[in-house]
Colleague: 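I'd like to ask some things about the structure below.
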2 protein chains.
Amino acid sequence: MSPLSSGLLGDLDPTSDRAVFRQIADQLREAIDRGRFREGEKLPSEAELVDHYGVSRMTVRNSFSILQGEGLVHAEHGKGVYVRPRPPVRRLASDRFARRHREQGKSAFIVEADAVGSHPKVDSLEVKEEKASQDISTRLGSVRRVLARRRRYLLDGRPVEFATSYLPLDIARGTQIAEPNPGPGGIYARLEELGHRLDHFEEEIRARMPSPAEVKTLHLAAGVPVIHLIRTAFDTEGRAVEVCDTVMAADAYVLAYQLPAT
Amino acid sequence: MSPLSSGLLGDLDPTSDRAVFRQIADQLREAIDRGRFREGEKLPSEAELVDHYGVSRMTVRNSFSILQGEGLVHAEHGKGVYVRPRPPVRRLASDRFARRHREQGKSAFIVEADAVGSHPKVDSLEVKEEKASQDISTRLGSVRRVLARRRRYLLDGRPVEFATSYLPLDIARGTQIAEPNPGPGGIYARLEELGHRLDHFEEEIRARMPSPAEVKTLHLAAGVPVIHLIRTAFDTEGRAVEVCDTVMAADAYVLAYQLPAT
DNA sequence: CTCCTTTAGGTATCTAGACGAGTGGGCGAG
DNA sequence: CTCGCCCACTCGTCTAGATACCTAAAGGAG
C-alpha cells in the first residue's frame with residue numbers, strides 16, 4: 001500500500017504554465033505544511049513519485065532540490081528524503097553580557113546550556129597573534145596586529161556557532177586572555193580586572209547563505225542560512241577593546257534585544 | 001576569443017572523489033572570489049563550459065544551481081548567468097525608535113531613505129480588523145481580535161521589507177491608527193497621544209529561507225534569506241500595545257544594536 | 001547466536017538529446 | 001533611414017536511460 005494511493009498528493013495540471021517540477025514541489029510543500037508529512041517523516045521515494053506523476057526521475061529530483069533549497073527537507077543517501085525537523089533554538093537575550101552573569105564563574109554558553117538540559121561543548125580552540133584585517137583594524141581603532149581567539153560551540157554534539165574574538169595586543173598580550181582558557185567569567189571578566197571596565201557593546205547583524213567552509217564547520221544542511229554577528233565591546237573610556245565575529249546556524253538561534261523608547 | 005582560453009578556469013581532477021559539478025562550482029566560486037569575474041559580470045555560458053570541461057550540459061547547470069543556492073550568481077533567461085551584485089544595505093540602528101526621531105513628522109523609513117538619496121515608497125497598504133493568531137494573542141496579552149496594518153516598503157523600486165503591525169482593538173479602534181495614513185510620526189506618535197507613553201521595545205530576530213509567498217512579495221533572488229523580526233512595544237504601565245511582524249530581504253539590511261554592559 | 005554476504009531499494013551523479021522561450025543583433029523591405 | 005522579421009545564442013524544462021554508492025534487512029556460514 002503506497003502512501004500515494006491515499007490521496008496525499010494530487011495530479012498535475014497540464015494546462016498550467018507552471019513547470020511540472022514546480023507543481024510537484026508545490027504539492028509536496030503543501031502536504032508538509034498541512035502536516036500530512038510530519039517532522040522527520042520520510043517523503044515518497046523518487047521512484048514512487050515517478051510512478052505517481054508519470055514524469056522522469058530528473059523532474060522529481062528537481063522538485064526535491066527546490067524543497068531542499070527552502071530548507072524544508074533533506075535527503076539521506078541510500079535512505080530517502082525526509083521532512084527536516086526544526087531543531088530547538090537557543091535564545092540569546094540582550095542581557096547575556098550583564099555583569100551579574102559574568103560574575104558567576106562559568107562561561108555564559110555552558111551555564112545557559114546546562115540550564116535547559118543540553119550538553120554543551122567548546123572545541124577548535126585556537127589562540128594566536130595575527131595581522132588584523134582591514135575591517136577589524138578599523139573597528140578596533142587602527143591596530144596592526146591582534147590577538148585572535150577562535151572557538152566553535154556545540155550543543156548535544158551539533159555545532160551551532162563559530163566565533164573569533166580579536167583584541168589589541170597592548171591589552172591582551174601576556175595576560176590570561178592569551179591563554180587557551182581565560183578563566184572564570186571569560187575574557188570580559190579579565191578585561192575588567194585589567195582596568196578596562198566595560199561600558200557597552202555594539203552588535204551588527206546580517207543574514208546570508210553560508211560559504212562552503214561554513215557549511216563544513218557548522219555541519220549545515222541545505223537551505224539553512226547563517227546569522228553573522230559582529231560585536232564590539234567598548235570600555236568606559238570609549239575605547240574598543242574587543243571585536244567578536246560570530247557565525248551562527250540560523251536554525252539554532254533566535255536573538256532577542258531590548259530597546260529603550262527614549 | 002573565449003574567456004576560457006585565457007586560463008580563468010582550470011581543469012577537472014578525474015582522480016578526485018569530489019563530484020564533477022562540485023569541482024566546476026568550486027572553480028567558478030573561486031574565480032568570483034578572486035575578482036576574476038566582477039559584480040554584474042557575465043559568466044561563461046553553459047555551452048562554453050560544456051566545451052571547456054567536456055561534460056554534459058546538465059552537469060554544468062548543476063554547478064550553476066549550487067552557486068545560485070549560495071546567492072553568488074543569478075541567471076537571466078535568454079541572456080546569461082551573472083555575478084549577483086551586492087545591493088546597498090540599509091542600516092537599522094537601535095535608536096531608530098527614539099522619541100526625538102518620532103517628533104520630526106515624516107515616517108522613519110522616508111526620512112532615512114531621503115537622507116541617503118534613495119527613492120522610498122510604501123505600498124500594499126491594508127488596514128483591517130481580524131482575529132489574532134495564537135502567537136500574536138499571546139504577545140499582546142490574550143486579545144481575541146486585533147487591528148492589523150500591513151504595508152510593503154520599497155527602495156528605488158525594489159521591495160525590501162514587508163511588515164504587519166497588530167494592535168489591540170480597545171486601543172486602536174476609532175482612532176487615527178485605524179486610518180490608512182496614521183499621520184506624522186506614525187502609529188507610535190498616535191499611541192503616545194492616546195496616553196500610552198512608550199517605555200521600551202523587545203525585538204526577536206530569526207533568519208531563514210523565504211516561503212514562496214515571500215519570494216514573490218519581496219522579489220527575492222535565489223539564495224537570499226530573509227530576516228524575520230518581531231517587535232513588541234510596551235508602554236510605561238508594562239502593557240504590550242503593539243506587535244510588529246517584519247520580514248526583510250536579508251541582502252538589503254544590517255541591524256545594529258547597542259547593549260549596556262550593566 | 002553472531003557475523004558476514006547478499007540483495008532490494010534508496011539517492012548521487014552523469015550523459016545525450018529534444019523542445020520551449022526570452023534577448024538582441026543583423027538584414028532586408030519599404 | 002526605419003521598422004519588422006529572422007536567426008543565433010542563451011537559459012528553462014523534460015526525457016530516458018546508465019553507473020555508482022549507501023542503507024537496511026534477510027539469510028547463510030560459522
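Residue numbers begin at 1 in each chain, while the letters A, B, ... track the order of the sequences. In this text, all values refer to a predicted model and were calculated from it rather than measured experimentally. Keep in mind that the numbers below use all heavy atoms, side chains included, and drop hydrogens, waters and symmetry copies.
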Colleague: Counting side-chain heavy atoms from C-beta on, which of dG17(C), dC14(C), dT10(D) comes nearest to Ala19(B)?
Modeller: dC14(C)

Colleague: Whole Å only: how far is the CG atom of Asp51(A) from the P atom of dG9(C)?
Modeller: 12 Å

Colleague: For Arg158(B), is there an ion pair with Asp251(B) - N to carboxylate O distance below 4.0 angstrom?
Modeller: yes

Colleague: Donor-acceptor pair, distance only, cut-off 3.5 Å: does the side chain of Arg84(A) make one with the backbone of Gly71(A)?
Modeller: yes

Colleague: Give a yes/no answer on whether the side chain of Thr59(B) brings an N or O atom under 4.0 Å of OP1 or OP2 in dT13(C).
Modeller: no

Colleague: Could you give the CZ-to-P distance, from Arg61(A) to dG17(D), as a whole number of Å?
Modeller: 18 Å

Colleague: Taking the side chain as everything from C-beta on, heavy atoms only, tell me whether Arg139(A) gets closer than 4.5 Å to Glu204(A).
Modeller: yes

Colleague: Tell me: CD of Glu76(B) to P of dC11(D), nearest whole Å?
Modeller: 11 Å

Colleague: Just the rounded figure in Å: distance from P of dC11(D) to CZ of Phe64(B).
Modeller: 6 Å

Colleague: Find out whether Pro44(A) and Phe37(A) are in side-chain contact, i.e. whether some heavy atom of one side chain is under 4.5 Å from a heavy atom of the other.
Modeller: yes

Colleague: Base, sugar-phosphate, or nothing: which does Arg22(B) touch, judged by heavy atoms less than 4.0 Å apart?
Modeller: sugar-phosphate

Colleague: Write down the distance between NE2 (His74(A)) and C1' (dA12(C)), rounded to a whole number of angstrom.
Modeller: 16 Å

Colleague: Pairs under 3.5 angstrom, nitrogen or oxygen only, protein versus nucleotides 18-22 of chain D, please.
Modeller:
from: dA18(D); atom 1: N6; to: Arg57(A); atom 2: NH1; distance (Å): 3.4
from: dC21(D); atom 1: O2; to: His77(A); atom 2: NE2; distance (Å): 3.2

Colleague: Round to the nearest Å and state the distance from Met58(B) atom CE to dG17(C) atom P.
Modeller: 15 Å

Colleague: Ignoring hydrogens and geometry beyond distance, is a side-chain donor-acceptor pair present between Tyr53(B) and Gln23(B) at under 3.5 Å?
Modeller: no

Colleague: If you assign each of Gly80(B) and Arg18(A) to its closest nucleotide in DNA chain D, which residue comes earlier from the 5' end?
Modeller: Gly80(B)

Colleague: Whole angstroms only, please: what is the CG-P distance between Asn62(A) and dT11(C)?
Modeller: 15 Å

Colleague: Measure from the side chain of Ser45(B), starting at C-beta and using heavy atoms only, and say which of dC14(C), dT11(C), dT10(D) lies closest.
Modeller: dT10(D)

Colleague: Taking the basic N atoms (NZ, or NE/NH1/NH2) and the acidic carboxylate oxygens, is any pair closer than 4.0 Å for Glu203(B) and Arg96(B)?
Modeller: yes

Colleague: Measure the distance from CD on Glu46(A) to P on dT15(D) and round it to the nearest whole Å.
Modeller: 14 Å

Colleague: Would you compute the distance between atom CG of Leu255(B) and atom CD1 of Ile227(B) and round it to the nearest 0.5 angstrom?
Modeller: 4.5 Å

